[in-house]
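Atoms considered below: every heavy atom in the structure, side chains included; atoms not considered: hydrogens, waters and symmetry mates. To find a chain, count down the sequence lines: A is the first, B the second, and so on, and within it residues start at 1.
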There are 2 protein chains.
Amino acid sequence: MAKKPDLLPGTLDMLILKTLTRAPLHGYGIAQHIKRISDDVLTVEEGSLYPALQRLLLQGWVKAEWKMTETNRRARYYTLTIEGRKQLGLEVSEFERMIAAIGRVLQDQEA
Amino acid sequence: MAKKPDLLPGTLDMLILKTLTRAPLHGYGIAQHIKRISDDVLTVEEGSLYPALQRLLLQGWVKAEWKMTETNRRARYYTLTIEGRKQLGLEVSEFERMIAAIGRVLQDQEA
DNA sequence: TTCTATCCATAGTTTATCTATATATTCAAA
DNA sequence: TTTGAATATATAGATAAACTATGGATAGAA
């Protein structure tokens, strides 16, 4: 039996960037937000999350800053950059183009 | 600049299985069909296609048979099995569940 | 004080896709 | 007639993303 994936591969960076359009947020909060808004369908494992955040930093799509949370915990807050916002737009367009194309294949009638 | 992917990772098996609901077909024809029906958005590279077909055979979701094409060429025709049809249903449900969840994240309003 | 939730991070594995390459045949064009 | 494009299969090796499994640390509640 094939196990259900936690994510659609290739969509994690987009989901993180989108989450950061609301406000700067730390990694743990990003993962929580994605899980909650998706009604528990999408789960971001730590082993996927932190490498993804490193990628985004390296690309200059987010910047990071250590701060204290409301509950007095040390956390690294990520903020979307201008380039990151642009990148999000590109990724969303491409994603929509892809799922529309997949939709055409899936809806193609047999017989 | 990130290169546009040819496919959304994780969706190829589903696309192949769906293509085979129409009629048995050889690998080359499957790739052509997906490309055509998707309006050239989805391109299945040979290095993705043939390993995918091996996976599907191994899982018992398709069976294969060598035949001659209409143009008198030797080709391996793949046929969807009962299990393959069932699997397709599962994969389509899961895919739709995922994209609906991603849609909720993407549509979440900032501000 | 012990457990749960919050928070970060990396090492190593797995898996899918892609690039590149190899082989072979048919048919049309030059 | 030979050359190239399209048809057809397949694998090896590289790349990249995600996952499993760890490890560490602190706050606050029970």
Per atom distances to the B/Y50 side chain, the nearest of D/dT11, D/dA6, C/dT6 is D/dT11
Do B/E91 and B/Q87 meet the criterion of a side-chain donor-acceptor pair at a distance under 3.5 Å? yes
Roughly how many Å is it from CZ in A/R73 to C1' in C/dT6, rounded to a whole number? 4 Å
No-H, no-angle donor-acceptor pair, A/E46 side chain to C/dC8 base, under 3.5 Å: yes
Verify the contact: side-chain N or O of A/T71 to OP1 or OP2 of C/dC7, cut-off strictly under 4.0 Å; return yes or no. yes
Side-chain ion pair, A/E83 and A/K86, N-O less than 4.0 Å: no
Output yes when B/D108 and A/K18 qualify as a salt bridge under the 4.0 Å nitrogen-oxygen rule, no when they do not. no
What is the distance, rounded to the nearest whole Å, between atom OH of B/Y28 and atom C1' of C/dA24? 14 Å
Compare side-chain N and O positions of B/T69 against OP1 and OP2 of D/dA8 and report whether any pair is under 4.0 Å apart. yes
Indicate, with a heavy-atom threshold strictly under 4.0 Å, whether A/T43 touches base, sugar-phosphate, or nothing. nothing
Considering only heavy side-chain atoms of B/Q54, the closest of D/dT22, D/dA10, D/dC19 is D/dA10
Donor-acceptor pair under 3.5 Å: do we get one between B/R76's side chain and the base of D/dT9? no
How many Å lie between CZ on B/R74 and P on D/dA8, as a whole number? 12 Å
Contact class for B/L49 (heavy atom, under 4.0 Å): base, sugar-phosphate, or nothing? nothing
Candidates B/R22, B/R85, B/K63 - the one meeting side-chain contact (heavy atoms from CB on, under 4.5 Å) with B/L80: B/R85
Nucleotide D/dA18, atom C1' - distance to CG of A/D13 in whole Å: 11 Å
Return the nearest nucleotide to the side chain of A/S48; candidates are D/dA8, C/dT17, D/dA18. D/dA18
Show the nearest heavy-atom pair for residues B/F95 and A/L8, with the distance to one decimal. CE1-CD1, 4.0 Å
Have a look at B/G29 and say if it touches a base, only the backbone sugar-phosphate, or nothing, with a 4.0 Å heavy-atom cut-off. nothing
Side chain of A/A75: nearest nucleotide among D/dA10, C/dC8, C/dT17? C/dC8
Describe the nucleic acid contact of A/G47 in one word from base, sugar-phosphate, nothing, applying a heavy-atom distance below 4.0 Å. base
Could you state the NZ-C1' distance from B/K35 to D/dA6, rounded to the nearest angstrom? 14 Å
From CG of A/L25 across to P of C/dT6 the rounded distance in Å is 13 Å
Rounded distance in Å - CE (A/M68) to P (D/dA25): 16 Å
Calculate the interatomic distance between A/E45 atom CD and C/dA9 atom C1'; express it in whole Å. 15 Å
With a 4.5 Å heavy-atom cut-off, do A/K35 and A/V41 have their side chains touching? no
Checking all strands, does B/Q32 fall into the base, sugar-phosphate, or nothing category for heavy-atom contacts under 4.0 angstrom? sugar-phosphate
Considering heavy-atom distances to DNA chain D, does A/G10 or B/L53 have its closest nucleotide positioned more toward the 5' end? B/L53
